[in-house]
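Read the structure below first, then the notes.
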Amino acid sequence: MAEYSNVQKGSLKLKGVGDLSSAKKKKKKDKERKRLEQQIMTTENEEETEQGYTDKRTPAQMAFDKMQEKRQIERILNKASQTHKQRVEDFNRHLDTLTEHYDIPKVSWTK
């Protein structure tokens, strides 16, 4: 029984439950200080935007973006040059050139 002599007896004590006096009281934040900090932050952000946007890309990245935009414009102009009917005719011509290997085999249910 000597082993159990240091066991704590009694009910469990849970955090946040029980005496209100033992609970910590929340401190009220200074609303005026918070408003001033927010105002300072907005003025700093406005100053940064007034200075202008600084491009942080490398020359290779700028050249890559420029070429991508140029290719995209070419692609759009190429698609816009043909009507839907012309595109369908070109596609049908392409399908006619394919071998019969790509044809869908006929399946009969009678076999």
Do L95 and V88 belong to the same hydrophobic cluster, where Ile, Leu, Val, Met, Phe, Trp and Tyr are linked whenever their side-chain heavy atoms lie under 4.5 Å apart, directly or via other members? no
Nearest 0.5 Å please: distance from the CD1 atom of I40 over to the CD atom of Q38. 11.0 Å
Should the pair K34-E37 be classified as a salt bridge under the 4.0 Å nitrogen-to-oxygen rule? no
All N/O donor-acceptor pairs, side-chain side in residues 69-84, below 3.5 Å, sequence neighbours left out:
residue : atom : partner : partner atom : Å
S81     : OG   : N78     : O            : 2.6
Q82     : NE2  : D90     : OD2          : 2.9
T83     : OG1  : Q86     : N            : 3.3

Starting from the C-alpha separation in whole Å, work towards a yes-or-no answer on side chain to side chain contact (heavy atoms under 4.5 Å, CB included) for E89 and R93. CA-CA 6 Å; E89 288 172 355; R93 247 184 268 122; 4.0 Å; yes
